[in-house]
Amino acid sequence: AAAVILGPAVPVARAAPDDVVCVRVAHDDCTLTADSLDAALNTSSKLVYLGPGTYDGTFGSGARVQLVGIGSPVIRGNIQLSGQAVVVRNLTVTGELAVGPGDAKLDDLDLAYLTVERSTCRGRGLTLKYGLSANGGNVKLISTLISSSNPFTINGGAQITTAYSA
């Protein structure tokens, strides 16, 4: 197997919004390398590539961020993203993914549970093991599998729509 050689970790506290932070992965767009997901999310960078492996803990960001998994990363714990225009793609989260308030776009995720708080959220290709809780806002789920027998908890006038494709 070929070894992936990553550049030295750069102090991500100096990240600018146009920087791309990579964690455990080499990518052509990367301008900074972070030692951990927590460090990457606590920058002003708007794009974080998360490489293969398991990330244990509770993570969060109140900033606008795109979190993109490469090589099947698994977050074993919870993650809360409360910034505007949040995008999350290609991850497994064994705990809860919480988004909002703000817009969220979710693609190709395997989640234990999704919480949407006063958000306009669009999800495509999701697998939800235990379901979804929505408090206010609008949620549109496309080509989503929910394996819970009691999949939705809806409060605050939230609206949920589902479709096979769009």
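In this chain, residues are counted from 1 in sequence order. Values below: all heavy atoms of this structure, side chains included; hydrogens, waters and symmetry mates excluded. Predicted model only: the values in this text are computed from it and were never measured.
Considering CD1 of I160 and OG of S133, their distance stands at 8.0 Å, rounded to 0.5 Å. For the atom pair I79 CD1 and T58 OG1, the distance stands at 10.0 Å (nearest 0.5 Å). Note that CG of L132 and SG of C121 are 8.0 Å apart. Values are rounded to the nearest 0.5 Å. We find the OG1-CD distance between T115 and E117 to be 8.5 Å, quoted to the nearest 0.5 Å. With rounding to the nearest 0.5 angstrom, the CD atom of Q84 is 9.0 Å from the CZ atom of R64. One distance of note links CD1 of I146 with CG of L114; it measures 9.0 Å at 0.5 Å rounding.
Using a 4.5 Å cut-off on side-chain heavy atoms (C-beta onward), Y55 and V23 make contact. The shortest side-chain heavy-atom distance between L32 and V20 does not fall under the 4.5 Å cut-off. Residues L128 and T144 are in side-chain contact: their nearest non-hydrogen atoms beyond the backbone lie under 4.5 Å apart. Side-chain atoms of D107 and N90, non-hydrogen and from C-beta on, never get closer than 4.5 Å to each other.
Counting all heavy atoms, side chain and backbone alike, A40 lies closest to V48 at CB-CG1, 3.8 Å. Shortest non-hydrogen contact noted between G71 and P52 is O-CB, 3.3 Å. Nearest approach of G95 to A112, heavy atoms of both residues: O-CB, 3.2 Å. Contact record, G100 with S119: CA-CB, 4.0 Å, taken as the closest heavy-atom pair.
Both I154 and L111 are assigned to one and the same hydrophobic cluster, defined by single-linkage of ILVMFWY side chains at heavy-atom distances under 4.5 Å. Residues F152 and L109 are members of one and the same hydrophobic cluster, defined by side-chain heavy-atom contacts under 4.5 angstrom among Ile, Leu, Val, Met, Phe, Trp and Tyr. Hydrophobic clustering (side-chain heavy atoms under 4.5 Å, transitive across Ile, Leu, Val, Met, Phe, Trp, Tyr) keeps V74 apart from Y113.
Side-chain atoms of T31 and D19 form a donor-acceptor pair, as typed in the model, at a separation below 3.5 Å. Between the side chains of E96 and N78, no donor-acceptor pair is found at a separation under 3.5 Å.
Cation-pi check for R24 over Y49 is not met; the charged atom does not lie both under 6.0 angstrom from the ring centroid and within 45 degrees of its normal.
When the options T92, T54, T94, D56 are evaluated for a side chain to side chain donor-acceptor pair (under 3.5 Å) with R76, the one that passes is D56.
No side-chain donor-acceptor contact under 3.5 Å links T43 to the backbone of L41. Of the possible polar contacts, one joining the S147 side chain to the K129 backbone as a donor-acceptor pair under 3.5 Å is found.
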Is there a side chain to side chain contact (heavy atoms under 4.5 Å, CB included) between V87 and L67 once you walk through the steps? CA-CA 6 Å; V87 176; L67 180 60; over 6 Å; no

Apply side chain to side chain contact (heavy atoms under 4.5 Å, CB included) to F59 and I75, showing your working. CA-CA 9 Å; F59 305 97; I75 296 174; 3.8 Å; yes

Give the C-alpha distance, both sets of side-chain angles, the deciding distance and a yes or no for side chain to side chain contact (heavy atoms under 4.5 Å, CB included) between L91 and L50. CA-CA 9 Å; L91 297 174; L50 188 62; 3.8 Å; yes

Verdict with reasoning, L106 to L126, per side chain to side chain contact (heavy atoms under 4.5 Å, CB included): CA-CA 8 Å; L106 312 174; L126 307 183; 4.1 Å; yes

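The pair D108-R89 fails the salt-bridge criterion, with no side-chain N (NZ, NE, NH1 or NH2) lying under 4.0 Å from an Asp/Glu carboxylate O.
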